[in-house]
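Structure record follows, encoded as structure tokens.
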Amino acid sequence: MNIHTKRSWLLVALGNLVVVAFLGLLLRWMFVAPVSGLNYKYLLHGHSHVALLGWLYTAVFVALLAAYLPSAYQEKRTYTWQFWLSQGAVLGMLLSFPVQGYGLFSIFFSTAHLLLSYWFIYQFLKDARSAGVSNGKHGLSLRFVKAALFFLALSSLGPWAMGPIMATGHSGSEIYFNAIYFYLHFQYNGWFTFAVLGLLFWLLEHHHISFNRIYGRLFFRLMCWACLPAYLLSVLWTKPAAVIYAVSGVAALVQVVALGLLLAVLWPVRQQLLNLFSGWSRGVFMLATLAFVLKTLMQFSTAIPYMADLAYKLRFFIIGYLHLVLIGFVSFFLFAFFVQLGWLSFRGSLSRWGIGVFIAAFVASEALLFLQGILYWAGAGAIPAYNEILFWVSVFLPMGVLLFFVSQIRERSRVQQHLKTEKYLQQAA
């Protein structure tokens, strides 16, 4: 598996994002005019699974291989098998979830992907240990990645619990939804967040940017230990015992303290870090940073019982928050990261138009979601023609990402030449 193959894998992930965006647009159209024969809930399952597993999982999979494993390990056929089998599972979920929801085929493909993720965790950690990555300059960033992989495995307990929960007639109960929230929490607050933080510290280490490692290690410990009890923030809607509120509140507060530590690490080297990016990629990176700050503060606000209840009652806040994390934080960082590696490009006008339209539509749709939630909270009612406006704003999400995807296909030969030159320079050094 050479570097061009890995970039092709990244383009597959980006193609999955295009599919996700069009499915999201269809979901928003169904609030304007329900489509006969389409089940909204089933379609939502397909949208979410392809988003988490087809785009984000795949992109992080490629990023971790590229960042941490020497070429000899990356070229193992094991990872090729893992990649294409996981894409087959994603395709199976894309075709089965909109038709049957949680049924025989969708459960088969989602279970297959879970097992493939275990295989990846085992193989990656084994190869990282064999290559001595922990003993090199990437020791701290690899801690984040190991934690990310731990949370990826931990999140799978949610789906495994769904079978017994549904078999015992508890579908739709509190324990049913809490199993779903368990999966989601350790996916976006665990697996994806820690993977992104690992890649962020990898950039600092890779480019020999000196930073306060004592603060860095303390930041890691606080984030890691707070992530476990922070799950309790997701169950506050059930109005549990006071001790649950207390523990979840402390976890949320610890994450805010950790955010302060991260800023203390990055602020002194901010110019060196920003110099790794240029033009559009710098702007996208800064948007991802802003989204992470907002994510942490919003999560802290849900430790307040009133805010937790409000977030549960108004789905606009939940949808807006999930998109803030998965698009604004994780996806934007991955865009900037791969542009920095030279695997994606913002050089062409088509790519800049694509990412610009995508960002504008994302910001506008987030503003609409949170504004509508605030108006309902204030008792002001619905925005006139809200669903229609949100749909037309959302049209530009798939349009933007499709333009960006096409631009990356068109620029493939130039990017491959860039990667070939970079690989030659690395070998010469």
All N/O donor-acceptor pairs, side-chain side in residues 191-201, below 3.5 Å, sequence neighbours left out:
unit_1, atom_1, unit_2, atom_2, d
Thr193, OG1, Tyr188, O, 2.5

Drop me the distance from Asn275's CG to Arg270's CZ, to the nearest 0.5 angstrom. 11.5 Å
Show every salt bridge (charged side-chain N to carboxylate O under 4.0 Å, His left out) that has at least one partner inside residues 306-327, sequence neighbours left out. Lys239-Asp309, Asp309-Lys313
Is there a side-chain contact between Leu125 and Ile121 (heavy atoms, below 4.5 Å)? yes
Give a yes or no answer on whether the side chain of Trp202 reaches the backbone of Ala67 with a donor-acceptor pair at less than 3.5 Å. yes
How far apart are the C-alpha atoms of Tyr321 and Thr302, what are their side-chain angles, what is the distance that settles it, and do they pass the side-chain hydrogen bond (donor to acceptor under 3.5 Å, both in side chains) test? CA-CA 11 Å; Tyr321 174 78; Thr302 60; over 6 Å; no
For residues Trp225 and Val254, determine if any side-chain heavy atom of one lies less than 4.5 Å from a side-chain heavy atom of the other. no
At their closest point, which heavy atom of Ala21 faces which heavy atom of Val401, and how far apart are they? CB-CG1, 3.9 Å
State, yes or no, whether a side-chain contact exists between Ser234 and Leu184 at a heavy-atom distance under 4.5 Å. no
Are Phe219 and Phe144 close enough that their ring centres sit under 6.0 Å apart? yes
Aromatic ring pairing His49/His45, orientation class (parallel under 30°, perpendicular over 60°, tilted between): perpendicular
What I want to check is whether the side chains of Ser155 and Gln187 have a donor and an acceptor closer together than 3.5 Å. yes
Mind checking what makes ring-ring contact (aromatic ring centres under 6.0 Å, His included) contact with Phe182, not counting sequence neighbours? Phe186, Tyr231
Applying side chain to side chain contact (heavy atoms under 4.5 Å, CB included) to Leu17 and Phe335, what does each step give before you reach the verdict? CA-CA 12 Å; Leu17 179 58; Phe335 285 150; 3.7 Å; yes
From Ser281 atom OG to Leu341 atom CG, the distance as rounded to the nearest 0.5 Å: 11.0 Å
With sequence neighbours excluded, tell me which residues meet salt bridge (charged side-chain N to carboxylate O under 4.0 Å, His left out) with Glu366. none
Mind checking what makes side chain to side chain contact (heavy atoms under 4.5 Å, CB included) contact with Ser407, not counting sequence neighbours? Leu350, Ser351, Phe404, Glu411
Return the set of residues passing side chain to side chain contact (heavy atoms under 4.5 Å, CB included) with Trp81 (not counting sequence neighbours), or none when no residue passes. Arg77, Leu85, Trp119
Kindly indicate, with the supporting measurements, whether the criterion side chain to side chain contact (heavy atoms under 4.5 Å, CB included) is fulfilled by Gln255 and Leu222. CA-CA 7 Å; Gln255 289 185 332; Leu222 291 179; over 6 Å; no
Within 6.0 Å of CG in Leu371, more than 12 heavy atoms from elsewhere: yes
Ser301 versus Met298, closest heavy-atom pair with distance: OG-O, 2.5 Å
When the side chains of residues 384-394 are checked against the rest of the protein, which donor-acceptor pairs come out under 3.5 Å, sequence neighbours left out?
unit_1, atom_1, unit_2, atom_2, d
Ser394, OG, Arg28, NH1, 2.7
Ser394, OG, Leu390, O, 2.6

Could you check whether any side-chain heavy atom of Phe120 comes within less than 4.5 Å of a side-chain heavy atom of Leu65, counting everything from C-beta outward? yes
Give the C-alpha distance, both sets of side-chain angles, the deciding distance and a yes or no for ring-ring contact (aromatic ring centres under 6.0 Å, His included) between Phe332 and Phe362. CA-CA 11 Å; Phe332 285 172; Phe362 167 72; 5.4 Å; yes
Under the ring-ring contact (aromatic ring centres under 6.0 Å, His included) test, residues paired with Tyr42 that sit two or more places apart: none
Determine whether Arg221 and Arg143 satisfy the following criterion, side chain to side chain contact (heavy atoms under 4.5 Å, CB included), listing intermediate values before the conclusion. CA-CA 10 Å; Arg221 292 191 188 101; Arg143 287 191 187 183; 4.2 Å; yes
If you look at every heavy atom in Val357 and Phe396, which pair is closest and at what distance? CG1-O, 3.3 Å
Can you find a heavy atom in the side chain of Phe277 that is under 4.5 Å from one in the side chain of Leu203? yes
Side chain to side chain donor-acceptor pair (under 3.5 Å): which pairs involve residues 53-69, sequence neighbours left out? Trp55-Ser331, Thr58-Gln87, Tyr68-Ser141
Any side-chain heavy atom of Phe285 within less than 4.5 Å of one from Leu274? yes
Have Gln123 and Asp127 got a donor and an acceptor in their side chains that come within less than 3.5 Å? yes
So, Gln372 side chain and Ile383 main chain: donor-acceptor pair closer than 3.5 Å or not? yes
Side chain to side chain, Leu259 and Phe292, heavy atoms closer than 4.5 Å: yes
State the NE2-CG distance between His185 and Asn189, to the nearest 0.5 angstrom. 5.0 Å
Hits for side chain to side chain donor-acceptor pair (under 3.5 Å) against Thr238, two or more places apart or cross-chain, chain-then-number order -> none
Tell me, with the steps shown, if Leu11 and Arg7 meet side chain to side chain contact (heavy atoms under 4.5 Å, CB included). CA-CA 6 Å; Leu11 293 180; Arg7 184 178 183 268; 3.5 Å; yes
What's the separation between atom CD1 in Ile244 and atom CG in Leu232, rounded to the nearest 0.5 Å? 5.0 Å
All ring-ring contact (aromatic ring centres under 6.0 Å, His included) counterparts of His323, not counting sequence neighbours: none
Met166 side, atom CE; Tyr176 side, atom OH - distance, nearest 0.5 Å: 5.5 Å
Taking atom types as modelled, is there a side-chain donor on His206 or Gln340 under 3.5 Å from an acceptor on the other? no
I need the minimum non-hydrogen distance between Phe317 and Gly373, along with the two atoms involved. CZ-C, 3.4 Å
With no hydrogens and no angle check, is any side-chain donor or acceptor of Ser106 less than 3.5 Å from a backbone partner on Gly101? yes
Between CG of Leu53 and NE2 of His113, what distance do you get to the nearest 0.5 Å? 4.5 Å
Can you find a pair of side-chain heavy atoms, one from Leu236 and one from Pro240, that are under 4.5 Å apart? yes
Taking the six-membered ring for Trp, are Phe97 and Phe105 ring centroids under 6.0 Å apart? no
Those residues at least two apart in sequence (or on a different chain) that pass ring-ring contact (aromatic ring centres under 6.0 Å, His included) with Phe177 are none
Would a line drawn from the ring center of Tyr40 to the ring center of Phe31 be shorter than 6.0 Å? yes
Enclosure of Phe405 CZ (heavy-atom neighbours >12, cutoff 6.0 Å): yes
For the student: nearest non-hydrogen atoms of Ser345 and Val339, plus distance: N-CG2, 4.2 Å
For Trp343 versus Leu10, what's the shortest heavy-atom pair and its separation? CB-CD2, 4.0 Å
